[in-house]
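Inspection log for the structure reproduced underneath, given as structure tokens.
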Amino acid sequence: MSVRVRFAPSPTGYLHIGGARTALYCHLIAKAKGGTFVLRIEDTDLERSKKEYEVAMIEDLKWCGLEHNEGPDVGGGFGPYRQSERIEMYKQLADQLVEEGKAYYCFLSDEELEELTEKAKAEKISPHAYHDKYRDFDPTEAKKKVEAGESHVIRFKNPRKKYTFTDLVRGEVTFPEDMVGDFVIIRSNGMPVYNFCCVIDDWKMEMTHVMRAEEHLNNTVRQLMVYEAFGVTPPEFAHCSLLVGEDRQKLSKRHGATSVVQYKDQNFLPQALMNYLCLLGWSHPEEKDVFKLEDIESVFTLDRFQKAPALYDIEKLKHFNGEHMRMLTTEDLVNYLAPTLESSHPFHSMDKKWQESCLEFFKEKFNIPSELPQHLDVLFSTEAEKSEAVEEVKSWESTQAICDYVKSKVEEIASSGASFITVEQFNEMTDHCKKELKIKGKFLFKGLRLALTGMAEGPDLKVVIPLTPIEIMKKRQGLS
RNA sequence: GCUCCCAUCGUCUAGUCUGGUCUAGGACACCGCCUUUUCACGGCGGUAACAGGGGUUCGAAUCCCCUUGGGAGUACCA
């Protein structure tokens, strides 16, 4: 049987880092076995679900490079892929369970429910212990109440037995019989509930694997009951560990940038994000750390998962971004970084060849795009750096001589119509200072750097000077 | 409270199933040295972990039990 795996977000917000990781794993499980990756929208919570989030979700998934084979936007043979469009089916199946005596109408009011919950808590037993008041209520009577319009929900009749299943990442997991009570499957507003829809859909959509985060582990027992009630064999389950923040709590908004879109906005490379996320709970069989998704599709297996929660560390993500950035071709590198610079940045007025050599050189110096402008200052800044180091260089007697010489030399080159100072010309300048001015050692190099860049330190002058526009050079000459 | 899950450097992890080759390997971060007459890159090196206690065994990071610690769930959210 062909492998089918779904990612089933609810459109109540933007795609979360944790969600992206789950989607990535789902995608990988499908791809590793040549299977199908399905996107299903779980929008049964009318209050919180929004169409715009669904749209954003699909866009973010696409940005991540996790494209689905079936889903609400692309269709497929198992639709519809939005739960809100499958309501009738859930209702019918819930009715069927009621008919069969596997579920029942419940007329408990909110107040009654609360009282019963409190009572159970006071007795230090499971809070749901008394939620079964209507479990053995006469079905004919119940039907009458329903027909009379009395507010009701449909509860699943818990078979009250122990459930055991084998989780592909956690091994054998056992739930005791009083783990959950008779849980609601159809709300009083007629909408079905997650634990019910999820089972129906995974069954009807013929899912072979259910990969989700550990927060759903406890839900599995309810779902197992529903599968059993319909006489359906459940899919394989795999619960990956949770992502946590600095405080070791489940990763959430208060931990900072936790939406995929925020990384997209900061111009992170999606392949870097995926690479990093993949390694949070899973490890490469050959211990490789930097890789492309397509490279691991063939080695991805479920037996390499870590069971303990993983801490999300942005510093390490930045490192991965740098690694992936340096793997880009020159052309892609320019396409990636150029748009991250403000449109007024002088970088844009330079020709293609210049842009390429510039970025090829500077890419070694930073990991994320937002750090690029500060590195480019060494090429474009026309303001003298203010620092103790600069003051020290300025205080040397030799420095003034160098500056005077450099100033005339720059003017000479500029008037010749050249746009840049060549490496040869720079070497001439160095030689002149050495032989005619008799300056050497740090006095020579630091002095030259100050005269040419206005800074006390920075990248190799032989690389920097030929990349610096001559007009910038001229403007700098009045400074020191 | 109850239920479930988990436990190797600060962090992500390899090693655990199939006990010895592990005085525990890699990566991020950090520190030092070399190189670079500067910075960075790079190279080399360093600090740093098997939560604790009992077993089993000739031998335990690895198997078993307990304790402690952490997380999740406990909804007419998903």
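Throughout, protein chains are lettered first and strands after them, A, B, ... in sequence-line order, and every chain is numbered starting at 1.
With sequence neighbours excluded, the residues that form a side chain to side chain contact (heavy atoms under 4.5 Å, CB included) with A:Val173 are A:Phe165, A:Asp167, A:Arg170, A:Phe175. With sequence neighbours excluded, no residue forms a side chain to side chain contact (heavy atoms under 4.5 Å, CB included) with A:Glu246. For A:Glu114, the side chain to side chain contact (heavy atoms under 4.5 Å, CB included) criterion is met by no residue, not counting sequence neighbours. Under the side chain to side chain donor-acceptor pair (under 3.5 Å) criterion, A:Tyr25 pairs with no residue at all, not counting sequence neighbours.
Atom CZ of A:Phe305 is separated from atom P of B:rC5 by 19 Å (rounded to the nearest Å). When rounded to the nearest whole Å, the span between CD of A:Glu177 and P of B:rC4 equals 12 Å. One can place NZ of A:Lys307 at 12 Å from P of B:rC17, the figure rounded to the nearest angstrom. Rounded to an integer number of Å, the gap from A:Lys121 NZ to B:rG1 C1' is 9 Å. B:rC4 atom C1' lies 12 Å from atom CG of A:Asp178, rounded to whole Å. Here B:rC12 presents its C1' atom at 19 Å from NZ of A:Lys288, a figure rounded to the nearest Å. Whole-Å rounding puts the A:Phe237 CZ to B:rC5 P distance at 15 Å.
For an aromatic pair to be called close, the ring centres must be under 6.0 Å apart, and A:Phe291 with A:His284 satisfies this. Here A:Phe137 and A:Tyr104 keep their ring centres 6.0 angstrom or further from each other.
Pair assignment for B:rG10: B:rC28, on the basis of Watson-Crick or G-U wobble contacts that are both within less than 3.5 Å. Pair assignment for B:rU57: none, as no Watson-Crick or G-U wobble contacts are both less than 3.5 Å. Base-pair partner of B:rC39: not found among the strands shown (Watson-Crick or G-U wobble, both distances under 3.5 Å). Checking B:rG19 for Watson-Crick or G-U wobble geometry (two distances, each under 3.5 Å) identifies no partner in any strand. Across all strands shown, B:rU74 is found opposite B:rG1 as a Watson-Crick or G-U wobble partner, with both distances under 3.5 Å.
For the pair A:Arg160 (side chain) and A:Glu177 (backbone), a donor-acceptor distance under 3.5 Å is absent.
Side-chain N/O atoms of A:Gln306 include none lying less than 4.0 angstrom from OP1 or OP2 on B:rC6. Between A:Arg304 and the phosphate of B:rC17, there is no side-chain N or O to OP1/OP2 separation shorter than 4.0 Å.
Checked against B:rC4, B:rA7, B:rU11, the side chain of A:Leu311 finds its nearest nucleotide in B:rU11.
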Footprint string (nucleotides 67-78 of chain B, 5' to 3'): B base within contact, S backbone only, - free, heavy atoms under 4.0 Å
----BBSS-BBB
Please encode protein proximity along nucleotides 24-46 of chain B as a string of B, S and -, counting only heavy-atom distances under 4.0 Å.
-B-BS--------BBBBS-----
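Annotation for A:Arg476 and A:Ser381: closest pair NE-O, 2.8 Å, computed over non-hydrogen atoms.
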Verify side chain to side chain donor-acceptor pair (under 3.5 Å) between A:Asp332 and A:Thr329, making sure each step is shown before the conclusion.
CA-CA 5 Å; A:Asp332 288 343; A:Thr329 60; 3.3 Å; yes
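Comparing the same atom, P, in B:rC12 and in B:rC50 gives a spacing of 16 Å after rounding to whole Å. A gap of 26 Å separates the P atoms of B:rG25 and B:rC34, to the nearest Å. Between B:rC6 and B:rU13, the distance separating the two P atoms is 15 Å to the nearest Å. Separation of the P atoms belonging to B:rC28 and B:rC63 is 30 Å when rounded to the nearest angstrom. To the nearest whole angstrom, the two P atoms, one in B:rA61 and one in B:rA24, are 11 Å apart. Between B:rC41 and B:rG32, the distance separating the two P atoms is 14 Å to the nearest Å. With P as the reference atom, B:rU8 and B:rA49 are 14 Å apart, rounded to whole Å. Distance check on atom C1': B:rC31 versus B:rA48 gives 12 Å, rounded to whole Å.
Across all strands, A:Gly171 comes closer than 4.0 Å to no nucleic acid atom at all (heavy-atom distances). Among the protein residues, A:Ser241 comes within range of no part of the nucleic acid, since none of its heavy atoms lies under 4.0 Å from any strand.
Rounding to the nearest 0.5 angstrom, the gap separating the CG atom in A:Leu269 from the CG atom in A:Asn367 is 11.0 Å.
Between A:Phe362 and A:His375, the two ring planes are tilted [angle within 30° to 60°].
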